[in-house]
Amino acid sequence: MTERAGWQRTHTCGALRASDEGSQVVLNGWVAARRDHGGIYFLDLRDRYGVTQVVLAEEVAGDLKLAPEDVLCVRGTVRKREERNINPNRETGEVELVAESVEMLSGSKLPPFEIIDDLDTGVELRLKHRFLDLRRAPLQQNLVHRSRFINAMRRAFEAQDFVEVETPILTKATPEGARDYLVPSRVHPGEFYALPQSPQIFKQLLMVSGLDRYFQVARCFRDEDLRADRQPEFTQLDMEMSFVEEEDVFASWEQVLIDTFKDSMGYDVPTPIPRMPYKEAMERFGIDKPDLRFEMELVALDDWARASDFQVFSGAVEAGGRVMGLTVKEGGSLSRKEITALEDVVKTYGAKGLAFWKPALDGGAGPLARFVPEGGAQELMELLGATEGDLCLFVADPRERVVQRSLGELRVHLGKQLGLTEPSEFRFLWVTHFPLFEWDDEAGRWFSTHHPFTAPADWELGGGGFDLSDPDSPIGDQMSRSYDLVMNGWELGSGSVRIHRADVQQRVFEVLGIGEEEQRQKFGFLLDALSYGAPPHAGFAVGLDRLVALTLGMDNIRDVIAFPKTASATDLMCDAPSTVEAYQLEDVHIDVSARAKAALEEAQSSPEASS
RNA sequence: GGGGAUGUAGCUCAAUUGGUUAGAGUGCCGGCCUGUCACGCCGGAGGUUGCGGGUUCAAGUCCCGUCAUCCUCGCCA
């Protein structure tokens, strides 16, 4: 056996306590701080586990030059501090290490920012030196929490007899859904793999194989524009089970959530998790992922509006649209300026304006007041659940989705602004009964609301005979057997009962405008599999980055990911994406277009490119 | 693809109506200091005001373009 090298630590920097007094120990760690008092020199040594104060006597320090972030080996004796010198803010604060020798294991240049907990520095710099950013305790704690959370989830699935199976990363492009990341084939000139947007088809095939219960911590890739809660590559807890229906999937997940939250953070998830049909969510909250931590529900005012003298309101209803409102309790004190800011919120989502009313029995105030009929204030107040001192807000539009969406987003906005959302409370909800198809005006055809493998609520699916080029076709009324899991206004994940009959699957492809030829070419293997005894099956997937971020009270997923990308999908640390050597392109049979080449040259000739 | 915000010292920011040599805090370096832990005191170094162009006697400041980052609408089965 090899002998242990003399420099290696006997303890971590978070380990020593008063009970270790007198021990001879070796610590390894980074220089976190130095305090030179002339005759005595204090040194804070840091690692993942904590910080320990090292005391260097003049004789030991000598002319040793220490810089921040140098990596050291310190040998010495643990000493209990005198009462007045104890640092109560540190776990190791009752002791200090009296150094007998200090050895530099690795020197450090001056870092571009300080390695401190409450760093106040731009994202750009932090991402460029992510290895230094990740040296900070809060970021390390995030990653540790993520690891514990995901492993607790793994244990929970294993306890239910699920089998973790890995599926391919190099796979086939899918015609529907997000833009694919493509990988050119060297062996097959002109052909491409795609990175999976999710392991969807593979997990269904595993059900056909009889694996019965599958799960995976799966990396997924979607080449779409990013957001604070969206990265081009992200992680899902993906699962699928056979011989089940909706309620079995819900039950399985509820147990997983109970186990995971309990194990990893000691939180008791309140169960059963309530269910709400999509239609109800849209009507009451204006959104398919309602935040149930506060009330302030939307109110339908269509009948009131139809009879109103206010043209904007009555006109919207006559045009087949909606008028809805919501009441901000004690919102009457909001200034005109604040209300204008709220109007900007609804305009973002397509609303033309935001009407408001400060309710009172005498008719109230605000632009809507003159349209409240004599003596009609009480009726309107009752409709809105409003009392004097409240603020009522209204949106009217010929497009129902604009009314619901804009007021729904306004409700979320107000919830945050008024401090109605308690961050340590986790309110879950299953949203069910989504429509199977949605009409896309731009493309002029139907798209799957969830995905094309989702079972229709009615297996016969109308039996055909619909005019599929008609946006008002009753195909739009078909319900699906898909469901979302929602928490605190975030969509955590979605799933569905799947189609396990080849004929139904073909019919759905037809509605989506995927002809027989294309079906064979793109999904032949799936249709084939469905014709060899496919069990009824259903599944679900949860976005882990979002869920982990939420459990830490963060609304940006960047800091629960070790090496995240920027909003333009670049990695500032390793400078990806980047150009490759000409021979590499030749190998994979790729010609870069003249336009792309010109853009590259322009970028490289500007001084900005190298900075 | 659209909208908004930001870009000044290593870092966080300031700089009046366009006007002298672009400042402060912090970090860093040097000196002093034997109980600090946000140590203290003294001194010092440190700037292509993102980049390019324009207006002007004069631009960190005004105009045009461009790049980067963040937020967001569209997009994300």
Side-chain angles (χ1 to χ4, degrees), chain A residues 32-45 51-58 61 65 67-69 79 81-90 92-93 96 109-129 174-180 197-198 200-201 220-232 234 344-345 347-350 405-406 409 434 436-438 440 442-443 446-454 480 482 491 494 496 508 512 514 541 543 555-556 558 565-568 570 572 602-603 605-611:
Chain A
R34 305 154 294 163
R35 293 178 291 279
D36 184 355
H37 285 255
I40 190 167
Y41 190 107
F42 297 99
L43 180 67
D44 287 342
L45 205 62
V51 178
T52 301
Q53 173 164 286
V54 174
V55 184
L56 285 162
E58 210 163 1
K65 286 273 177 249
E69 302 310 317
R79 178 164 72 193
R81 299 196 200 182
E82 283 175 43
E83 193 66 37
R84 65 192 168 95
N85 287 330
I86 287 175
N87 183 348
N89 303 319
R90 238 175 231 174
T92 61
E96 59 196 3
K109 293 196 290 185
L110 184 66
F113 50 82
E114 293 175 81
I115 313 301
I116 51 174
D117 290 358
D118 49 351
L119 185 71
D120 177 25
T121 286
V123 188
E124 201 172 347
L125 198 68
R126 289 176 48 206
L127 287 182
K128 185 161 182 184
H129 306 272
T174 46
E176 289 241 347
R179 205 172 284 115
D180 287 309
Q197 297 179 24
S198 85
Q200 180 60 35
I201 295 180
C220 306
F221 306 85
R222 293 175 191 176
D223 188 2
E224 296 291 346
D225 287 350
L226 308 185
R227 287 287 190 287
D229 63 347
R230 226 192 282 161
Q231 285 271 315
F234 60 100
D344 289 339
V345 172
K347 280 182 174 169
T348 307
Y349 300 96
R405 175 94 199 275
S406 58
E409 296 286 355
F434 285 84
L436 188 59
F437 302 110
E438 277 170 346
D440 183 308
E442 212 172 306
W446 295 97
F447 280 84
S448 292
T449 303
H450 184 46
H451 60 51
F453 320 110
T454 303
S480 81
S482 66
E491 181 199 313
S494 58
S496 60
V508 168
L512 297 173
I514 304 173
D555 50 13
N556 195 304
R558 196 182 297 122
K565 292 185 172 52
T566 66
S568 59
T570 63
L572 294 178
E602 179 142 350
S605 66
S606 83
E608 182 70 11
S610 57
S611 72

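Throughout, a chain's letter reflects where its sequence line sits, starting with A, and its residues are numbered from 1.
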Enquirer: Please work out if A:Phe42 contacts a base, only the sugar-phosphate, or nothing of the nucleic acid, heavy-atom cut-off 4.0 Å.
Expert: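 Contact class for A:Phe42: base.
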Enquirer: Would you classify A:Pro112 as touching base, sugar-phosphate or nothing, given that sugar-phosphate means primed atoms plus P, OP1 and OP2, and contacts are heavy atoms under 4.0 Å?
Expert: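 Answer is sugar-phosphate: A:Pro112 comes under 4.0 Å of backbone atoms only.
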Enquirer: Searching all strands shown, indicate the nucleotide that pairs with B:U8 (Watson-Crick or G-U wobble; both distances under 3.5 Å).
Expert: none
Enquirer: Of the listed nucleotides (B:G74, B:C39, B:U72), which one gets closest to any side-chain atom of A:Asp225?
Expert: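 The answer is B:G74.
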Enquirer: Check every strand shown and say whether A:Arg84 touches a base, only sugar-phosphate, or nothing at a heavy-atom separation below 4.0 Å.
Expert: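 The answer is sugar-phosphate, as A:Arg84 gets under 4.0 Å only of primed atoms, P, OP1 or OP2.
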Enquirer: For the P atoms, the ones on B:G46 and on B:A24, what distance do you get once it is rounded to whole angstrom?
Expert: 14 Å
Enquirer: When you measure from the side-chain N and O atoms of A:Arg126 to the phosphate of B:U69, is any distance below 4.0 Å, counting only OP1 and OP2?
Expert: no
Enquirer: Is any side-chain N or O of A:Arg79 under 3.5 Å from a base N or O of B:G35, one able to act as donor and the other as acceptor?
Expert: yes
Enquirer: Identify whether any heavy atom of A:Asn89 sits under 4.0 Å from a base atom; if not, whether one sits that close to sugar-phosphate; answer base, sugar-phosphate or nothing.
Expert: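 No contact.
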Enquirer: With C1' as the reference atom in both, quote the distance from B:C64 to B:C73 in angstrom, rounded to an integer.
Expert: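 These two C1' atoms come out 26 Å apart once rounded.
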Enquirer: Hey, does the side-chain of A:Arg230 have a donor or acceptor N/O within less than 3.5 Å of a partner on the base of B:C76?
Expert: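 Such a pair is found, so the answer is yes.
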Enquirer: For B:U34, does OP1 or OP2 lie under 4.0 Å from any side-chain N or O of A:Tyr41?
Expert: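 No.
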Enquirer: Side-chain donor or acceptor of A:Arg81 under 3.5 Å from a matching atom on the base of B:U36?
Expert: yes
Enquirer: With rounding to the closest Å, how many angstrom separate the C1' atoms on B:G52 and B:G7?
Expert: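 Looking at atom C1' only, B:G52 and B:G7 are 16 Å apart.
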Enquirer: Please report the distance separating the C1' of B:A68 from the corresponding atom of B:C62, rounded so that it comes out in whole Å.
Expert: 23 Å
Enquirer: Say you pick atom P in B:A14 and the same atom in B:C41; how far apart are they, in whole Å?
Expert: 26 Å
Enquirer: With both distances under 3.5 Å as the test, what is the Watson-Crick or G-U wobble partner of B:G60?
Expert: none
Enquirer: Of all the nucleotides listed (B:C28, B:G27, B:C73), which has the minimum atom distance to the side chain of A:Arg34?
Expert: B:C28
Enquirer: Side-chain N or O of A:Arg558 less than 4.0 angstrom from OP1 or OP2 on B:C71?
Expert: yes
Enquirer: Students often get this wrong, so: under 4.0 angstrom with heavy atoms, is A:Thr454 touching a base, only sugar-phosphate, or nothing?
Expert: nothing
Enquirer: Checking base pairs now: Watson-Crick or wobble, both atom distances under 3.5 Å. What partners B:U20?
Expert: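 Its partner is none (no Watson-Crick or G-U wobble pair with both distances under 3.5 Å).
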Enquirer: Considering only atom P, compute the distance from B:U26 to B:C37 and round it to an integer number of Å.
Expert: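 Straight-line distance between the two P atoms is 15 Å.
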Enquirer: Establish, from distance only, whether the side-chain atoms of A:Gln53 and A:Asn87 form a donor-acceptor pair under 3.5 Å.
Expert: no
Enquirer: When only distance counts, do a donor and an acceptor, one from the side chain of A:Glu96 and one from the base of B:G35, lie under 3.5 Å apart?
Expert: yes
Enquirer: Distance check, C1' atoms only: B:U20 and B:G25, in whole angstrom units.
Expert: 25 Å
Enquirer: Please work out if A:Leu125 contacts a base, only the sugar-phosphate, or nothing of the nucleic acid, heavy-atom cut-off 4.0 Å.
Expert: sugar-phosphate
Enquirer: Please classify the nucleic acid contact of A:Thr449 as base, sugar-phosphate, or nothing, using heavy-atom distances under 4.0 Å.
Expert: sugar-phosphate
Enquirer: May I ask which nucleotide in the shown strands pairs with B:U34, Watson-Crick or G-U wobble, both distances under 3.5 Å?
Expert: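 The base-pairing partner of B:U34, which may sit in any strand shown, does not exist here.
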Enquirer: Using the P atom on both, measure B:G50 against B:U8 and round to a whole Å.
Expert: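 My reading of the P atoms in B:G50 and B:U8 gives 6 Å.
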Enquirer: Determine the contact category for A:Lys109: base if any of its heavy atoms lies under 4.0 Å from a base atom, sugar-phosphate if only primed atoms, P, OP1 or OP2 are that close, otherwise nothing.
Expert: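 Nothing: the residue A:Lys109, judged by heavy atoms under 4.0 Å, touches no strand.
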Enquirer: Carefully, step by step, assess A:Thr174 and A:Asp180 under the rule side-chain contact (heavy atoms from CB on, under 4.5 Å).
Expert: CA-CA 8 Å; A:Thr174 46; A:Asp180 287 309; 3.8 Å; yes
Enquirer: Closest to the A:Leu127 side chain: B:C70, B:G74, B:U36?
Expert: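 Taking heavy atoms from C-beta onward, the closest nucleotide is B:C70.
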Enquirer: Where the side chain of A:Arg405 is defined as all heavy atoms beyond and including C-beta, which of B:U72, B:C73, B:U34 is the nearest nucleotide?
Expert: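 Nearest to the side-chain atoms of A:Arg405, counting from C-beta on, is B:C73.
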Enquirer: Does A:Asn87 reach a base, just sugar-phosphate, or nothing at all? Heavy atoms under 4.0 Å.
Expert: base
Enquirer: Starting at atom CD of A:Glu124, determine the distance to atom C1' of B:U12, rounded to an integer number of angstrom.
Expert: 15 Å
Enquirer: Determine the contact category for A:Asn556: base if any of its heavy atoms lies under 4.0 Å from a base atom, sugar-phosphate if only primed atoms, P, OP1 or OP2 are that close, otherwise nothing.
Expert: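 Counting heavy atoms under 4.0 Å across all strands, the contact made by A:Asn556 is with sugar-phosphate only.
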Enquirer: Looking at B:C11 and A:Phe113: do their rings stack (centroid distance under 5.5 Å, interplanar angle under 30°)?
Expert: no
Enquirer: Under 4.0 Å, counting only non-hydrogen atoms across every strand here, what does A:Pro68 touch: a base, just sugar-phosphate, or nothing?
Expert: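 Result for A:Pro68 = sugar-phosphate.
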Enquirer: Counting side-chain heavy atoms from C-beta on, which of B:C28, B:U36, B:C71 comes nearest to A:Gln53?
Expert: B:U36
Enquirer: Rounded to the Å, how far apart are A:Lys128 NZ and B:A68 C1'?
Expert: 11 Å
Enquirer: Side chain of A:Arg222 only, please: which of B:G35, B:U26, B:C76 is the nearest?
Expert: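 The closest nucleotide is B:C76.
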Enquirer: Kindly indicate, with the supporting measurements, whether the criterion side-chain contact (heavy atoms from CB on, under 4.5 Å) is fulfilled by A:Glu96 and A:Val54.
Expert: CA-CA 6 Å; A:Glu96 59 196 3; A:Val54 174; over 6 Å; no
Enquirer: What nucleotide, of B:C37, B:C39, B:U72, holds the atom closest to the side chain of A:His37?
Expert: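 Between B:C37, B:C39, B:U72, the one nearest the side chain of A:His37 would be B:C39.
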